[in-house]
Amino acid sequence: MTLRIPTMADLAAEGREPEILFWVGCAGSFDARAQKVTLAFCQILEAVGIDYAILGNEEQCTGDPARRAGNEFIFQMMALQNIEVLNGYQVKKVVTACPHCFNTLKNEYPALGGHYEVIHHTQLLQELITAGRIKMTGGGSFKGKRITYHDSCYLGRINGVYEAPREVLETLDADLVEMKRCRTNGLCCGAGGAQMWKEDEPGEKRINLERAEEALDTGAAVVAVNCPFCLTMMQDGIKAKDKQDDVMVYDLAELIIQQMQP
Amino acid sequence: MIGQIAFFIVAGLAVGAAGRQFLRIRRNINLGQDEPITGDTSQRWRNVLLVAFGQQKMFKRWIPAVLHFFIYAAFLLTQVELVEIFIDGLLGYHRFFLPFLGGFYTFLISFIEVLSVLALIATIAFLARRNVLRIPRFHKPEMKGWPFQDANWILVLEIFLIFFIFLMNSTDMAAHDNAYGFAISQFLSPLWAGTAPETLHFLERVGWWGHIMVVFAFLNYLPYSKHLHIIFAFPNTYFAKLTPRGEMENMPAIMNEVKSMMGLGEAPADGGDDELPDFGANDVFSLSWKNLLDAYSCTECGRCTAVCPANLTGKKLSPRKIVMDIRDRATEIGSKLDSGDPQWAKDASQPLSATNFDDGKSLFDYVAAEELHACTTCNACVEACPVLINPLDPILKMRRYEILTLSQGPSDWLPMFNSIENGGAAWAMSTDRDQWAQEARQ
Ligand code: SF4
Ligand code: SF4
């Protein structure tokens with residue numbers, strides 16, 4: 001299947017602006033596993049007929065990991081360059097599949113002069129489902145299967161989005177089970193705050209292992225996530241428990257695309 | 001008359017001494033940087049009402065919440081009785097409010113009595129929880145020694161308070177032919193049957209003085225204790241940050257520097273090649289006053305640490321410890337300043353002051369880099385805190401100091417910094433950013 005995946009530059013050349021910019025992020029662009037989520041999401045957008053575009057090579061890291069590590073210089077360099085590009089295209093609305101990009105674009109760019117309406121892809125999916133633009137096939141492969149949903153910190157606790165992803169999952173007709181720690185109380189996967197780029201500090205256990213055990217305790221066959229970093233962390237944790245053949249970790253977009261009416 | 005004079009002197013001394021300590025704490029909090037308080041005032045009052053008065057966050061765990069609520073409600077309402085004790089003590093009345101309030105007075109005191117019994121039950125339960133049940137969050141390394149004793153002391157003081165109230169009310173009732181009809185004391189007063197009126201009066205005085213003396217002791221103990229939260233919880237919830245949780249405070253100095261490097265803004269007026277100022281925080285002086293108010297408001301309950309993913313998996317980081325360290329460091333600086341000892345002055349020829357202070361130490365002597373580096377910025381601690389303390393904010397400020405001012409920090413981060421700076425991506429990649437899209441278009 002071929003996708004169009006228009007870029008802002010292409011549309012600008014035609015004198016057009018899309019309704020919404022899809023911000024892909026570093027993980028979504030470069031990480032082999034997260035690329036699949038990016039493609040699934042583009043596929044949904046095109047199937048539904050959303051007028052979108054990506055920045056392509058004009059996009060750079062939002063600067064989130066540098067800022068959380070304490071490196072404000074690098075954050076400012078990235079943020080100011082990105083804002084220049086975004087404002088140059090007069091972007092008004094942004095959707096992203098990464099809660100870290102989501103948080104930085106939504107909450108941190110305004111102080112630097114970047115004001116956009118920013119939504120997370122799970123919110124857009126929920127809107128499209130409610131509006132009837134995404135329809136699910138009945139009695140699909142998830143019927144009766146147990147799915148558990150992992151709240152990412154940056155979407156959940158930090159930005160208060162708990163229900164939209166759950167509503168999306170409910171359309172799968174699956175048996176949605178909660179982990180012991182969920183919603184405001186959800187346990188981190190261990191990747192945030194630039195931990196993704198460093199070895200753990202000395203301790204007894206890796207955080208993703210703790211979380212994977214909790215997910216396995218639910219007996220779910222699928223762990224649904226909304227963040228490329230949680231995706232890596234949960235997969236690694238489940239692999240460390242040698243359960244990678246029984247329990248799959250998917251982003252919400254990947255689950256929807258499997259079950260969506262063409 | 002002698003009683004009144006004695007009360008006047010004791011009350012004056014107790015309130016004066018406590019006042020001095022409170023002013024010191026205020027001074028210590030003001031050692032921090034200014035932080036403008038912005039945002040909606042009505043939202044701030046909502047926080048005070050819901051979180052401080054209403055104890056909203058406590059009710060995430062029902063059992064401790066209900067027990068704590070008993071002690072809290074008894075504490076709040078006993079203030080009414082305390083006002084009466086003050087009036088009686090200073091003006092020489094006996095139960096000043098009684099003639100004005102009549103039946104309502106009986107109701108009020110009865111209500112306080114019932115709450116006191118509930119508070120007593122709660123206190124005993126709390127002592128058991130701390131000392132017998134060994135709940136993990138009460139036994140982390142930072143709770144060794146004084147913090148552990150502090151928690152117990154206050155519970156013991158609470159028992160004394162309640163004991164004296166009932167001694168006072170029950171002997172008073174016995175001495176007045178069981179008039180008043182206080183809800184609990186009416187069952188206690190028969191215990192005094194047959195006691196001589198002078199003895200009853202004496203015991204009533206013991207109860208009255210005992211109660212107020214414990215209150216005075218408590219007032220003077222507060223500034224040294226985590227129990228300061230009974231006062232500070234109110235301003236702390238009022239001043240809690242209202243900006244989005246996910247927004248790290250912007251650093252305009254760096255923003256402007258980068259803007260001028262990129263040719264986006266005007267060059268800084270000073271030409272920009274001066275020595276760079278210190279960025280981030282390495283001590284109380286470079287934290288904000290709100291970080292310090294947070295530190296003095298901490299109840300040391302450990303709810304933050306109990307949900308911290310780093311701490312849960314055995315890392316050294318404990319958000320409670322960070323908050324306690326900040327308070328200890330502020331108190332240390334405060335007492336060094338009070339000593340006036342020139343050895344703590346940066347410039348010994350000038351008088352010691354907050355701006356002329358250097359004891360060769362910093363917060364990094366309290367907080368290890370390993371603790372700072374373990375944080376995932378998950379905000380679980382921020383969410384958990386019953387008095388809206390933000391333990392993450394100082395962690396991030398100290399990380400900034402490490403990276404920006406000391407040029408240190410985990411070496412693992414260097415490749416990430418480099419690839420972002422040079423390649424615009426968090427990993428060094430040899431492919432195009434849109435490689436995935438190019439392939440999908442074919
Ligand atoms: S934000 Fe940091 S300190 Fe707070 S709970 Fe999460 S990992 Fe622990
Ligand atoms: S910071 Fe808050 S949650 Fe943590 S110990 Fe102090 S009062 Fe409790």
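Proteins come first, then strands; the chains are lettered A, B, ... in the order of their sequence lines, and each starts at number 1.
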query: Are B:Leu312 and A:Arg181 side-chain neighbours, meaning at least one heavy-atom pair lies under 4.5 Å?
result: yes
- request: Indicate yes or no: at least one non-hydrogen side-chain atom of B:Thr431 is less than 4.5 angstrom from one of A:Phe30.
  value: yes
- prompt: Which members of residues 97-105 of chain A, sorted by number, sit under 4.5 angstrom from chain B on a heavy-atom basis?
  reply: A:Asn103
message: Tell me if a side-chain donor or acceptor on B:Arg433 pairs with a main-chain N or O of A:Glu58 at a distance below 3.5 Å.
response: no
statement: Bottom line for A:Ala79: the part with an atom under 4.5 Å from chain B's heavy atoms is neither
message: Test your reading of the model: is there a side-chain donor-acceptor pair from A:Gln195 to the backbone of B:His373, 3.5 Å cut-off?
response: yes
- request: Kindly indicate whether the side chain of B:Phe279, heavy atoms from C-beta on, has any atom under 4.5 Å from the side chain of A:Glu72.
  value: no
message: If I compare all heavy atoms of A:Ala66 with all of B:Ile420, which pair ends up nearest, and what's the gap?
response: CB-CD1, 4.3 Å
query: Does B:Thr377 reach the side chain of A:Ile158, with side-chain heavy atoms less than 4.5 Å apart?
result: no
Check: A:Ser29 and B:Trp427 side chains under 4.5 Å, non-hydrogen atoms: no
- request: Can you tell which part of A:Asn159 gets under 4.5 Å to a heavy atom of chain B, answering side chain, backbone, both or neither?
  value: neither
message: Is it the case that the side chain of B:Lys315 and the backbone of A:Asp200 share a donor-acceptor pair, with hydrogens and angles ignored and the cut-off at 3.5 Å?
response: no
Short N-O contact, B:Lys316 and A:Glu201, less than 4.0 angstrom: no
message: Strictly distance-based, threshold 3.5 Å: is any side-chain N or O of B:Arg400 a donor or acceptor partner for the main-chain N or O of A:Gly70?
response: no
- request: Look only at the side chain of B:Thr376 and the backbone of A:Gly192, and say whether a donor-acceptor pair between them is shorter than 3.5 Å.
  value: no
message: Between A:Gln76 and B:Asn250, is there a side-chain donor-acceptor contact under 3.5 Å, judged purely by atom types and distance?
response: yes
task: Taking the side chain as every heavy atom from C-beta outward, state whether A:Phe73 and B:Glu257 have any pair of such atoms under 4.5 Å apart.
output: yes
- prompt: Given a strict heavy-atom distance threshold of 4.5 Å, which part of A:Tyr109 is in contact with chain B: side chain, backbone, both, or neither?
  reply: neither
